[in-house]
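Notes to accompany the following structure.
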Amino acid sequence: RRDAAAPMACQWLDMQVLRQGYQPQKKVQLMDGATVGDVLKQIAFYKKVPIGQLFLAEARWTDQAHCLCKVGAEGGPVDAGTIAPNPYGVSYSAQMHVKLHRNEVPGSEVCVGGVDDLDDVPDILQVEPKFARTELTLQEALDLQDELIAAYSEDSVRDALDKVQNKFRNDPNMPRSKYPRMLADVLAPVQRKILPRWGFDPPPKGVVQMLGCFGPHDPLEEVQKRVAAVNGLMGLDFAWMSESS
């Protein structure tokens, strides 16, 4: 775990919108571990736009631009072999702009596509890496279990699970192996609301992260009591198979 008193390493970026010619620039202080996705999340917050419409691009020499997603100065696609104009006002005969993947670490100069300007973005934008929880205290684990029990007990969730379970009750030939996938579809909307608040990714990845954090606490009686309650609410004991539909 990083020492809270230790300063985080960082790099500085120049950032502007993806338009031909010189555009007003912002400075980005990219903290160690932050990626393109973290930058886009901050821009989306200040511009009040969906993060899905944004992307970052950077100029690369043609022998380095192996990405298939090349973009022009106005954010549109560039045909293979076409050189995209350099929006910083410098003409290079062998440079083009390529979209960056969200898990990449950007270079020193980037352009933002999907917005017309960066007027609402601070002049110095500090971007920290996404918090990734790797452990839970015992009390946090119990609180999270209690929150899941309450959420899975909601009438809307019970009704949705009952519909799924009725399909198995009414068709004895339906293999039980299908139930976990159908269960995941029902619980995903609930988990998408809860897991990110605890520092986990949305499901299904966040479920795996959460279960990993429970490992040290699994043998404890108070945890196992709640595990039994959660599994019962999810129907993983298949006790509902003997109930009438």
Side-chain angles (χ1 to χ4, degrees), residues 2 7-134 192 196 199-206 209:
R2 184 187 298 275
M8 295 180 67
C10 70
Q11 69 180 86
W12 289 89
L13 317 178
D14 292 321
M15 180 175 70
Q16 67 177 61
V17 293
L18 187 62
R19 286 178 176 271
Q20 191 165 3
Y22 179 83
Q23 302 293 326
Q25 294 187 353
K26 305 285 185 176
K27 286 287 186 181
V28 178
Q29 185 182 18
L30 193 72
M31 310 308 289
D32 187 29
T35 64
V36 167
D38 298 312
V39 177
L40 294 178
K41 183 177 180 180
Q42 289 273 44
I43 297 172
F45 172 78
Y46 285 107
K47 294 298 294 181
K48 296 179 173 57
V49 299
I51 191 172
Q53 80 177 46
L54 301 174
F55 63 88
L56 287 189
E58 68 179 20
R60 293 182 180 175
W61 297 99
T62 51
D63 60 347
Q64 297 175 327
H66 301 301
C67 176
L68 294 178
C69 192
K70 306 177 180 68
V71 293
E74 302 299 328
V78 174
D79 293 334
T82 302
I83 306 302
N86 186 317
Y88 290 95
V90 181
S91 177
Y92 295 107
S93 60
Q95 273 195 326
M96 64 178 60
H97 274 79
V98 297
K99 277 187 182 180
L100 301 177
H101 295 292
R102 295 197 175 193
N103 60 352
E104 285 189 79
V105 177
S108 60
E109 295 180 346
V110 294
C111 296
V112 182
V115 289
D116 294 329
D117 57 64
L118 298 175
D119 291 348
D120 301 313
V121 178
D123 290 335
I124 298 179
L125 182 67
Q126 187 181 76
V127 179
E128 296 187 357
K130 176 184 176 182
F131 170 69
R133 182 182 285 276
T134 58
R192 275 195 290 268
F200 300 116
D201 287 320
K205 183 178 179 180
Q209 294 169 336

- Message: What's the separation between atom CZ in Phe45 and atom CG in Leu40, rounded to the nearest 0.5 Å?
- Response: 15.5 Å
- Message: Side chains of Gln16 and Pro24, heavy atoms from C-beta outward: is any pair under 4.5 Å?
- Response: no
- Task: Could you check if a side-chain atom of Asp116 sits within less than 4.5 angstrom of a side-chain atom of Val17, using non-hydrogen atoms only?
- Result: no
- Looking at CD1 of Ile124 and CD of Gln29, how far apart are the two atoms once the value is rounded to the nearest 0.5 Å? 8.0 Å
- Query: Closest heavy-atom contact between Pro122 and Lys26?
  - Reply: O-CD, 3.4 Å
- Report the C-alpha separation of Lys27 and Asp14 in whole Å, then their side-chain angles, then the decisive distance to 0.1 Å, and conclude whether the side-chain contact (heavy atoms from CB on, under 4.5 Å) test is met. CA-CA 5 Å; Lys27 286 287 186 181; Asp14 292 321; 2.7 Å; yes
- Item | CD-CG distance between Glu58 and Leu13, expressed to the nearest 0.5 angstrom | 9.5 Å
- Query: Of all heavy-atom pairs between Gln11 and Pro106, which one has the smallest distance, and what is that distance?
  - Reply: NE2-O, 3.3 Å
- Message: Tell me the closest heavy-atom pair linking Val36 and His101, and the distance in Å.
- Response: CB-O, 3.4 Å
- Message: With a 4.5 Å cut-off on side-chain heavy atoms, are Asp38 and Leu30 touching?
- Response: no
- Task: Grab the two heavy atoms, one from His97 and one from Cys111, that are nearest each other, plus how far apart they are.
- Result: NE2-SG, 3.9 Å
- Do Glu104 and Leu56 have side-chain heavy atoms sitting under 4.5 Å apart? no
- Message: To check you understand the geometry: which heavy-atom pair defines the closest contact between Cys10 and Met31, and what is its length?
- Response: CB-SD, 3.8 Å
- Task: Could you list all the side chain to side chain donor-acceptor pair (under 3.5 Å) pairs where at least one residue sits in residues 39-54, not counting sequence neighbours?
- Result: Lys47-Asp117
- Query: Is the backbone of Asp201 close enough, under 3.5 Å, to the side chain of Gln209 for a donor and an acceptor to pair up by distance?
  - Reply: yes
- Message: How close do Pro50 and Ala44 get, counting heavy atoms only, and between which atoms?
- Response: C-CB, 4.5 Å
- Message: Working to the nearest 0.5 angstrom, can you tell me the gap between Leu118 CG and Asp123 CG?
- Response: 10.5 Å
